[in-house]
Number of protein chains: 4
Amino acid sequence: MKRQQILDAAYTVFSRKGYHCATVDEIVALADTGKGTVYNYFVNKEQLFYTLIKERSAAFEAKLDITASLAEPPLSKVEKVIKVFLEFYTANADLWRVLMHEMRGLGNEEKGLTQAQREKYREKFRHSISILEKILQEGIEQGAIRKCDVHKAAHGLFSVIVMTVFQGCVGQTADSIDAAARSIADIFLYGVAARHG
Amino acid sequence: MKRQQILDAAYTVFSRKGYHCATVDEIVALADTGKGTVYNYFVNKEQLFYTLIKERSAAFEAKLDITASLAEPPLSKVEKVIKVFLEFYTANADLWRVLMHEMRGLGNEEKGLTQAQREKYREKFRHSISILEKILQEGIEQGAIRKCDVHKAAHGLFSVIVMTVFQGCVGQTADSIDAAARSIADIFLYGVAARHG
Amino acid sequence: MKRQQILDAAYTVFSRKGYHCATVDEIVALADTGKGTVYNYFVNKEQLFYTLIKERSAAFEAKLDITASLAEPPLSKVEKVIKVFLEFYTANADLWRVLMHEMRGLGNEEKGLTQAQREKYREKFRHSISILEKILQEGIEQGAIRKCDVHKAAHGLFSVIVMTVFQGCVGQTADSIDAAARSIADIFLYGVAARHG
Amino acid sequence: MKRQQILDAAYTVFSRKGYHCATVDEIVALADTGKGTVYNYFVNKEQLFYTLIKERSAAFEAKLDITASLAEPPLSKVEKVIKVFLEFYTANADLWRVLMHEMRGLGNEEKGLTQAQREKYREKFRHSISILEKILQEGIEQGAIRKCDVHKAAHGLFSVIVMTVFQGCVGQTADSIDAAARSIADIFLYGVAARHG
DNA sequence: TATGAATGAGTCTTCATTCAT
DNA sequence: AATGAATGAAGACTCATTCAT
C-alpha cells in the first residue's frame, strides 16, 4: 500500500519536475510517508523511476502486442495501433517526455541514469517500433502498403505519434484521440500531396 | 577569445550532460579558463545556455527565412526547407534535444529555466514552424498540395524532421542529409499507402 | 539537541565574527554536526541569526516588563531597570553589537538582512526604550524627575547603558554590574555639574 | 585626482554598504576609473578604508585639540567640545558607524581588518575620549564639576554624543547641532533628577 | 516495517587581487 | 599612470542516502 502511494506520488512529481528537479522530499510529502520508507521499497531514486516506467508501460505493451497480432486489414490495423499508442502516450505524456530526455544522457554514470539502465529503457522503445515495423511489413506483403524501408517508415510514424502528443495536439478524450489517430493515419498513409488522377 | 572558448566548452558539456547535469566546473575545465571568467561574460548558467542557443541558431534562422522566400515550385521548396532543417538539427542535435526538454514547464522556477526565458525559446520554435506553414499554404494556393490544416501539417512535418534527427537516423554527411530529406519529403508528400491507378 | 548545539555555536561565531564574516562552515565545525543539519532546523543563515536573537532576548524582555511594573519609588526603579539592562547586555554584548550593526540599512537586500527582518529587530529596541520612557514618565508624574522630553531622555539613557557595555566598561560580575548601574543612574539622575546650595 | 575620486567613491560606498558589503567594483564604478587604478594607490581594500578614515578625521582631531586648549570656563568648554564632536559625527555618521563595527571584530585576520589595523583605529577613539577627560579634569580642579571618575564620565559623555548621532536624533543644520549640543550638555551636567532647593 | 534526523559531497556564484598591455 | 580581463579561493545552500529507533 505504501509502495503504491509512493509510486503514485513519484508519477506526479517526476511528471511535473522531470527526473533531476524531482526531489525525494517532495515525493515523500505527496505520498504521505517517511523518507526511509522509500528506501525500503526502492534501492534509490533511479530505480524508483525505472520501476515507475516499467509498471506504467506493462499494460500498454501487452495491448500493443495483442493489437499487432489481430487478423485485420493492414490499413485499419495501422490506424488501430496508432490509437493504442495515442491512448497510452496522452495518458502518460509528461512522464514519457521525461523518460525520453533522460534516456539520452551520455552523461556521467554518477548523476542521471546508469548506462545499463538507459539501455533497458531504449529496449522498450525499440520493441514498440518493431511492432510498427511488423505491421507495415505485413501491409507490404499484402500489397496494401507500397514498398519502402519499413524501419525508417516505422520510425517516422512513431515520431509523428510521439510528437503529436508531446506538442499537446491531442486531448485526453476518446473522441479527441480517435480524431488524432485518423488524422495521423491519413497523412501517414496518403501524404499531403494533391493526387492527380 | 575566452568568451568563445567558454561557449564552445558549454556547447560540448550541455550537449553531453543536459542543462542540469552540466556543471560550470566542467565547462571551465574544458574551456581551460578560470571559473570567474565565465561570470565575467555571462550573468549565470542559464544566460550562458541561452546565449549559446541564440548564437547557434542565428545563421540557421536566417537561412530558413531565405529558403522560404525563394521563388521555386512548392514541392521542391518543401524538400529544400527540410534539408535546411536537417542540416542544422543534425549538427546541433544533442544541444537542441536538451533545449526542447528544458523548454517544457518542467522544473521549478528556481532551478532550470525562468518562465520568461522559456517563452523566448518557444518563440524560436514557433517561428520555424510558421515558416513551414507558409510554404505549405503557398503549395495549397498553387494547387500542389491538397487542402489540409496547414498548422497541423506543419507541426507534423516539423515533428518528423526533429524526431528523425533525435532518433539518430541521419548521419552528418551531406549525402546522408540529402537522402533523409528526400525520404522525409517523399513520405510526407505522398504517404506510404500504395497508389492504385 | 543538535538544534541547541547549533544555536550555541552560532552564538559564539556570530559574536566573534559578526554576521557576514561568520561562516556556516565554522558554526558547523563548532557545533560538531553536519552542514545539512543546520538547514534542517533553520531555513538559512539569516533565520538562524534571527532565531538566536529571539531566543536570547526572550527572558530579558520578560524580566524588563516585570521590573517596569513593580511598585517602587521612581528613582530606585530607574536604577533597578538599568541593572536589568546591564545584566543582559553584558552577557550578550558581542552578539548585540553585531545585531545593532546589521540593523542599520547597511548592505544590500541580498546579503545581510532583509528589510522586513530588520524591522522585527528594530521593534525589539523600540520596546526596550518604551519601557524606559514609561518609567521616566511615572517619575515625572510623581515629581521625582524634572519635566523633560521623556522620549529623548529614554533614548539617552539607553544609549549610555549600551555604550557603557559596548565600550567594555563593565565586568561580568554582579558587583561590577551593580557599581556600573549606580554610576550610570547617578550621572543620569544628578548630572556631573557641582551642586551649589 | 584619480586618488581623490576613489576616496570619495569609497566614502559613499563604505557608508552605504558597510565594509564587507562594499565591493571594489562598486567603488570603481562610482569613481569612474579602472579597477587596477585602485590598487595603484592603495595596497588593498582594507588600507583604502583606513586611509579614508585617517584623512576624514584629521581636521576633526586638530579642531578637537584646539578646542580643548582654549582658555574658557569649563562648563561652556564642555558644550563647545560637544559641538565639535557633533559637527564631525553628524557629517560622517554612516562611515563612523561602519568603522566602530569593524573595530570590534575579534575575527580572523583574513577577512575583516587586521588586528594591528584595528589597534590604530582604537587609538583614535582613545584620543578623543582623553580630550574629554582632560576637560572634565580641568573642570573639577576649577570646582565647576563635582568630583567623579573622569574616565567613566568622559566615556559616558562620548557615548551619549555618539549614540545621539547614530540614533539619528540630530539633523545636519548648524541650528540642529547647536540645540543637540545644549541638550546633551544640559543633561550631562545637571542630570534629569528634580532639584529640590 | 516505518520513520525522519543527520550527513557531506557537490553546485552555483561572488569578489578581492593580479598582471600584461 | 591607467586599465580591465582573468583568476580561484571561499561561501551559502541542496538533496540523495543512511541508520538508529
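All of these numbers come straight from a predicted model, not from anything done at the bench. The chains referred to below are lettered A, B, ... by the order of the sequence lines, with proteins before strands, and numbering in each begins at 1.
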Please report, rounded to the nearest Å, how far the [atom2] atom of [N] is from the [atom1] atom of [X].
{"X": "D/E26", "N": "E/dA16", "atom1": "CD", "atom2": "C1'", "value": "14 Å"}
{"X": "B/I27", "N": "E/dG10", "atom1": "CD1", "atom2": "C1'", "value": "15 Å"}
{"X": "D/D25", "N": "E/dT14", "atom1": "CG", "atom2": "P", "value": "11 Å"}
{"X": "A/K45", "N": "F/dT18", "atom1": "NZ", "atom2": "P", "value": "14 Å"}
{"X": "D/L48", "N": "E/dC15", "atom1": "CG", "atom2": "P", "value": "16 Å"}
{"X": "D/N44", "N": "E/dC19", "atom1": "CG", "atom2": "C1'", "value": "17 Å"}
{"X": "D/Q5", "N": "F/dA2", "atom1": "CD", "atom2": "C1'", "value": "12 Å"}
{"X": "D/E46", "N": "E/dC15", "atom1": "CD", "atom2": "P", "value": "18 Å"}

Under the 3.5 angstrom rule, does the side chain of C/S57 hit a backbone N or O of C/I53 as a donor-acceptor pair?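 Side chain of C/S57 to backbone of C/I53: a pair is present.
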If F/dA20 has a Watson-Crick or G-U wobble mate with both distances under 3.5 Å, name it; if not, just say none.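 Because both required distances fall under 3.5 Å, F/dA20 counts as paired with E/dT3.
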Does F/dT14 have a Watson-Crick or wobble partner in any strand here, with both distances under 3.5 angstrom, and which is it?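 Pairing partner, where one exists within any strand: E/dA9.
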Taking the six-membered ring for Trp, are the ring centroids of D/Y50 and D/F42 within less than 6.0 Å of each other?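 Ring centroids of D/Y50 and D/F42 are no less than 6.0 Å from each other.
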Could you check whether the rings of D/W96 and D/Y89 sit parallel, tilted or perpendicular, using 30° and 60° as the cut-offs?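 The rings of D/W96 and D/Y89 stand perpendicular, inter-plane angle above 60°.
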Does the plane of the ring in D/F49 sit parallel, tilted or perpendicular to the ring in D/Y19? Use 30° and 60° as the thresholds.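 Aromatic pair D/F49/D/Y19 classed perpendicular.
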What's touching nucleotides 3-5 of chain E from the protein side, N or O pairs under 3.5 Å?
{"residue": "E/dT3", "atom": "OP2", "partner": "A/T33", "partner atom": "OG1", "Å": "2.4"}
{"residue": "E/dT3", "atom": "OP2", "partner": "A/G34", "partner atom": "N", "Å": "3.1"}
{"residue": "E/dT3", "atom": "OP2", "partner": "A/T37", "partner atom": "OG1", "Å": "2.8"}
{"residue": "E/dG4", "atom": "N7", "partner": "A/G36", "partner atom": "N", "Å": "2.8"}
{"residue": "E/dG4", "atom": "O6", "partner": "A/G36", "partner atom": "N", "Å": "3.4"}

To the nearest 0.5 Å, what is the distance between CD (B/E26) and SG (B/C21)?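 Spacing of CD (B/E26) from SG (B/C21) equals 10.0 Å.
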Atom CG of B/L7 and atom CG of B/L52: how far apart are they, to the nearest 0.5 Å?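 If I round to the nearest 0.5 Å, the distance is 6.0 Å.
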Across the strands shown, which category fits B/A31 at heavy-atom distances under 4.0 angstrom: base, sugar-phosphate, nothing?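 No contact at all - B/A31 keeps every heavy atom at 4.0 Å or more from the nucleic acid.
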Just by distance, with hydrogens left out, do A/H20 and B/H20 show a side-chain donor and acceptor under 3.5 Å apart?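 There is no such pair between these side chains.
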